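Below, all heavy atoms of this structure are taken into account, side chains as well, without hydrogens, waters or symmetry copies. In what follows, every chain begins at residue 1, and chains take the letters A, B, ... in the order their sequences are listed. Computed from a predicted model, the values in this text were never measured in an experiment.
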Amino acid sequence: MIHRSFFARDVHEVARELIGAVLLVDGIGGRIVELEAYQQDDPASHGFRGPTKRNASMFGPPGHAYVYRSYGIHWCLNLVCAEAGRADAVLVRALEPTEGLDLQRARRGSQSVRALCSGPGKLCQALAITGEHDGLPLDRPPFRLEPSDGTARVVTSRRIGITRAAELPWRYAEEGSRFVSRAPRAPSG
DNA sequence: CACAGGATATACT
DNA sequence: GTATATCCTGTGA
């Protein structure tokens, strides 16, 4: 069980240690295989221009969820890090589905296991994460987080789908995983 | 494999 | 009005 205090640290440390951790919502989910780090002083972050109604939970205490709607259609899940008042968070981009595959398939339509959670919008649909989860603590139901066993090898690469600060290697993924949203193009560390 | 286009909430110009 | 931390479908090389 990962306690919310786990998140009261540097976002990059948290991101690296969360690869291989298990994320469940109402018992449904899988192993985290891909994350991206966003910081308050990062032009690509929603918190860069200060608090708004949408990003309010980013500025709240760490160890809580920040859920926002993307392109008017999809939900995306972030885990708030650092100290309260600092808008740092990791975006959960992909899971290796392990729990509740039938329900995930039903929510996503008849799909291959690889297509269930290989993207931030996809995994929110598979786990039924919506705006109602925005601001909820991550160490209380319906969330459950179990730590990685430490065997996952982590690679970094550039973040996906952004135009500002696109050169920063702040995407973290499990090396060789077939469940990431896209294969890292230029792996390092 | 690489695009283009559409759905459409929220924030910014 | 324009852009965006997305996804799906269609077209064509």
(request) Tell me what A:Ser181 touches on the nucleic acid: a base, only sugar-phosphate, or nothing, going by heavy atoms under 4.0 Å. (result) nothing
(request) Please answer whether C:dA5 and A:Tyr38 are stacked, defined here as ring centres separated by less than 5.5 Å and planes angled under 30°. (result) yes
(request) Go ahead and name the base partner of B:dA4; Watson-Crick or wobble counts if both distances stay under 3.5 Å, otherwise write none. (result) C:dT9
(message) Without decimals, in angstroms, what is the distance between A:Arg49 CZ and C:dT4 P?
(response) 10 Å
(request) For A:Gly121, answer base if it contacts any base atom (sugar-phosphate contacts may also be present), sugar-phosphate if it contacts only those atoms, and nothing otherwise; contact means non-hydrogen atoms under 4.0 Å. (result) sugar-phosphate
(message) Can you tell me how far apart SG (A:Cys81) and CG (A:Asp10) are? Round to the nearest 0.5 Å.
(response) 8.5 Å
(request) Using only side-chain N and O atoms of A:Thr163, determine if any of them is under 4.0 Å from OP1 or OP2 of C:dT4. (result) yes
(message) Closest approach to the side chain of A:Arg54, judged atom by atom: which nucleotide of C:dT6, B:dA9, B:dA11 is it?
(response) B:dA11
(request) Return the value, rounded to whole Å, for the distance between atom OH of A:Tyr68 and atom C1' of C:dT4. (result) 9 Å
(message) Nearest whole Å is fine: how far is B:dA9 C1' from A:Asp134 CG?
(response) 14 Å
(message) The side chain of A:Arg108 is closest to which nucleotide in this list: C:dA5, C:dC7, C:dT6?
(response) C:dC7
(message) Rounded to whole Å, please give me the gap between CZ in A:Phe48 and P in B:dA11.
(response) 17 Å
(request) Answer with yes or no whether the hydrophobic clustering places A:Leu138 together with A:Leu23; edges join I, L, V, M, F, W, Y residues whose side-chain heavy atoms lie under 4.5 Å apart. (result) yes
(request) Calculate the interatomic distance between A:Arg182 atom CZ and B:dC3 atom C1'; express it in whole Å. (result) 13 Å
(message) Side chain of A:Lys53 only, heavy atoms from C-beta on: which candidate in C:dA5, C:dT6, B:dA11 is closest?
(response) B:dA11
(message) Tell me if the aromatic rings of A:Phe143 and A:His133 count as close, with their centers under 6.0 Å from one another.
(response) yes
(message) Using the side-chain heavy atoms of A:His74, tell me which of these nucleotides is nearest: C:dA5, C:dC7, B:dA9.
(response) C:dC7
(message) Can you confirm if the aromatic rings of A:Tyr68 and A:His46 lie within a centre distance of less than 6.0 Å?
(response) yes
(request) Send over the distance from A:Ile73 CD1 to C:dT9 C1', rounded to a whole Å. (result) 13 Å
(message) Checking contacts here: which listed nucleotide (C:dC7, C:dA5, C:dT4) is nearest the side-chain heavy atoms of A:Pro120?
(response) C:dC7
(message) The side chain of A:Leu91 is closest to which nucleotide in this list: B:dA11, C:dA5, C:dC7?
(response) C:dA5
(request) Figure out the CG/C1' separation between A:Leu123 and C:dC7, and round it to whole Å. (result) 13 Å
(message) Side chain of A:Thr52, heavy atoms from C-beta onward: which of B:dA9, B:dA11, B:dA7 has the nearest atom to it?
(response) B:dA11
(message) Given B:dA7, C:dA5, C:dT6, identify the nucleotide with an atom nearest to the side chain of A:Asn78.
(response) C:dA5
(request) Of all the heavy-atom pairs spanning A:Cys76 and A:Leu91, show the shortest one and how long it is. (result) CB-CD1, 4.0 Å
(request) Round to the nearest Å and state the distance from A:Arg69 atom CZ to B:dA11 atom P. (result) 13 Å
(request) Would you mind reporting whether A:Trp75 and A:Leu123 have side-chain heavy atoms less than 4.5 Å apart? (result) no
(request) Would you indicate which nucleotide in C:dC8, B:dA7, C:dT6 comes nearest to any side-chain atom of A:Lys122? (result) C:dC8
